[in-house]
Amino acid sequence: MTSWHGHRDDADIPPVVQEVWAAKFKPGSGQSSNVDACVLDAEGKLVRRWDAMAPRDGRGRGEDLRGDPLPRHWRENLKEARAALGLGEPGKPREVSLPELPEGLRSGIRVFTRLDDRGMPAYKAPVVELVPMGDEDWALLARPAKSAALDASALLPWLSKMYPGGVMERTDPDTKFAYRVTGAKGTLSLDPAGEKDGSAFALLHGRVTLTDSGGGDFAYSGELRVVVEYRDRKVTGLKGVFEGPYPRQGPKGSGGFEFDLTGVFESVMR
C-alpha cells in the first residue's frame, strides 16, 4: 500500500503514483475528476486505474451521482481488476448507510453537503458527516418565548461543514491540505413557530458568512433556515438547509465564477 498527498507537478512523486498520473493524463483518456482509484498486484505493478467518479458521456456530461451509477461504476472496475489478478467475482454489495452515533454519544447533527459544479463530478457527489452535540450545544437552541437573536459563531461546529471534505478549491501552498472553515458571522433569529401534536417548534433563520483558515478577505455567504422541535422544552429534533453561492477563484487575472452550495441538516438522537 502507498499513500501520497500533493500536486502532480511535485518533484517527489513516488514512481507508482507517477504511473497512475501518466495513465490519467495521456491523450484521449477522457478523465476529468480529481479523484482516482487504482489496484496494484503483489509486485506493485499497476493492474487497473479508474476515475473514482462516474464516467462522462461523449458530450462531457457526468452521470447523476445519486443512486446507482457510482457504485455500479466501482463494481464494474473492481470486477475487471479482480479478473486481472485471477480472483473471483466481487461479493454481494452492501447497502450504503448514513453515519450513526458512536457508542457513548447521545445526539448529533448529520450534515449533508454538495457543490453543484457540473465540471467536477467529485464535487457533485454528496458528503455526509456527523457532528456530535452535547447538552450545552442544544442549550443554545432553547425554546424561545419570543423572537431571540443568536450569533452564528455559536453554531460553528456544524456550520463549518459547509465546505465538503475532499474539496480542494483553497489549499495551503506548503502542506497541500485544504483550509478549514474557522469562522461563522451573522446574527440569526430564533422565532417561535407554533405547536402541533404535543410538539412546539421554532424557526432559526438568517444569513451566515463563512471564513476559512487561509486568511485574507476570502468569505462566502448563504441563507440558513432550520426548524427546531421541542417536547417539554427539550430539543427533540432539528432539520434545515443552507443555500448559497460558493466562489471559485480562477487563475490570476482571469476572474472567477460561482457554483451553488447546498447543506442539509438533520438531528440524530438516542
Side-chain angles (χ1 to χ4, degrees), residues 96-116 126-167 178-213 218-247 260-270:
V96 175
S97 60
L98 295 173
E100 298 290 348
L101 290 169
E103 289 297 326
L105 288 179
R106 293 186 298 168
S107 64
I109 294 179
R110 193 182 283 134
V111 184
F112 164 109
T113 320
R114 69 189 295 267
L115 295 173
D116 191 12
V127 174
V128 185
E129 300 178 78
L130 184 67
V131 179
M133 293 283 283
D135 292 341
E136 67 281 4
D137 299 309
W138 292 119
L140 297 170
L141 301 174
R143 181 182 174 185
K146 58 181 181 179
S147 294
L150 182 63
D151 194 312
S153 63
L155 310 179
L156 182 61
W158 44 284
L159 289 179
S160 65
K161 302 303 181 182
M162 292 302 93
Y163 186 73
V167 172
Y179 293 128
R180 297 174 296 104
V181 172
T182 53
K185 301 177 181 178
T187 300
L188 305 174
S189 295
L190 185 62
D191 303 329
E195 300 182 14
K196 183 179 181 180
D197 299 332
S199 292
F201 299 90
L203 178 63
L204 176 70
H205 61 99
R207 191 162 185 81
V208 177
T209 298
L210 300 170
T211 56
D212 67 18
S213 55
F218 177 79
Y220 57 104
S221 302
E223 293 294 328
L224 180 71
R225 298 184 300 278
V226 173
V227 174
V228 187
E229 182 178 0
Y230 309 86
R231 281 185 179 266
D232 298 326
R233 308 199 65 82
K234 181 180 179 182
V235 176
T236 56
L238 176 150
K239 290 185 178 181
V241 297
F242 176 97
E243 295 176 301
Y246 181 86
D260 293 335
L261 182 153
T262 303
V264 178
F265 311 96
E266 65 174 356
S267 57
V268 182
M269 303 281 191
R270 272 205 177 102

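What you see below is based on every heavy atom in this structure, not just the backbone, and it leaves out hydrogens, waters and symmetry mates.
- Between atom CG of residue L155 and atom CG of residue L141 there is a gap of 6.0 Å, rounded to the nearest 0.5 Å.
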Step by step, work out the side-chain contact (heavy atoms from CB on, under 4.5 Å) result for M162 and Y246. CA-CA 10 Å; M162 292 302 93; Y246 181 86; over 6 Å; no
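- The distance from atom CZ of F218 to atom OG of S213, rounded to the nearest 0.5 Å, is 10.5 Å.
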Hey, mind stepping through I109 and L130 against side-chain contact (heavy atoms from CB on, under 4.5 Å) and telling me if it holds? CA-CA 6 Å; I109 294 179; L130 184 67; 5.9 Å; no
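- Residue M269 comes nearest to S107 through the heavy atom pair SD-CB, 3.6 Å, listed as atom of the first residue, atom of the second, then distance.
- With rounding to the nearest 0.5 Å, the separation of OG in S147 from CG in L203 is 9.5 Å.
- Between D137 and P132 the shortest heavy-atom distance is OD2-O, 4.3 Å.
- For an aromatic pair to be called close, the ring centres must be under 6.0 Å apart, and Y163 with Y179 fails this.
- For the atom pair CZ of F265 and CZ of R110, the computed distance is 14.0 Å after rounding to the nearest 0.5 Å.
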Determine whether L101 and R106 satisfy the following criterion, side-chain contact (heavy atoms from CB on, under 4.5 Å), listing intermediate values before the conclusion. CA-CA 7 Å; L101 290 169; R106 293 186 298 168; 5.8 Å; no
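- In terms of modelled atom types and a separation under 3.5 Å, the side chain of T262 and the main chain of R114 share no donor-acceptor contact.
- For the atom pair CD (E243) and CG (D116), the distance works out to 11.5 Å, reported to the nearest 0.5 Å.
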V167 vs V127, side-chain contact (heavy atoms from CB on, under 4.5 Å): CA-CA, chis, key distance, verdict: CA-CA 10 Å; V167 172; V127 174; over 6 Å; no
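- Inter-residue side-chain proximity for L98 and E266 is flagged as met; some heavy-atom pair is nearer than 4.5 Å.
- Among all heavy-atom pairs drawn from L159 and L210, the shortest one is O-CD1, 4.0 Å.
- Here the side chain of R207 pairs no donor or acceptor atom with the backbone of G186 at under 3.5 angstrom.
- Taking each heavy atom of L238 and W138 in turn, the nearest pair found is CD1-CZ3, 3.9 Å.
- Under the 3.5 Å distance criterion, the side-chain polar atoms of T113 are matched with a main-chain donor or acceptor of K161.
- Distance check: L261 CG to L115 CG gives 5.0 Å after rounding to the nearest 0.5 Å.
- With 3.5 Å as the limit, one finds a donor-acceptor pair spanning the side chains of D151 and S153.
- Of all heavy-atom pairs spanning F201 and E195, the tightest one is CD1-CA, 4.4 Å.
- Under a cut-off of 6.0 angstrom, the local environment of CZ in R180 is sparse, with at most 12 non-hydrogen atoms contributed by other residues, nucleotides or ligands.
- No donor-acceptor pair closer than 3.5 Å links the side chain of R143 to the backbone N or O of A202.
- The nearest pair of heavy atoms linking P247 to A219 is CG-O, 4.1 Å.
- Applying side-chain contact (heavy atoms from CB on, under 4.5 Å) to H205 and the options L190, V227, L188, D191 leaves one that passes, D191.
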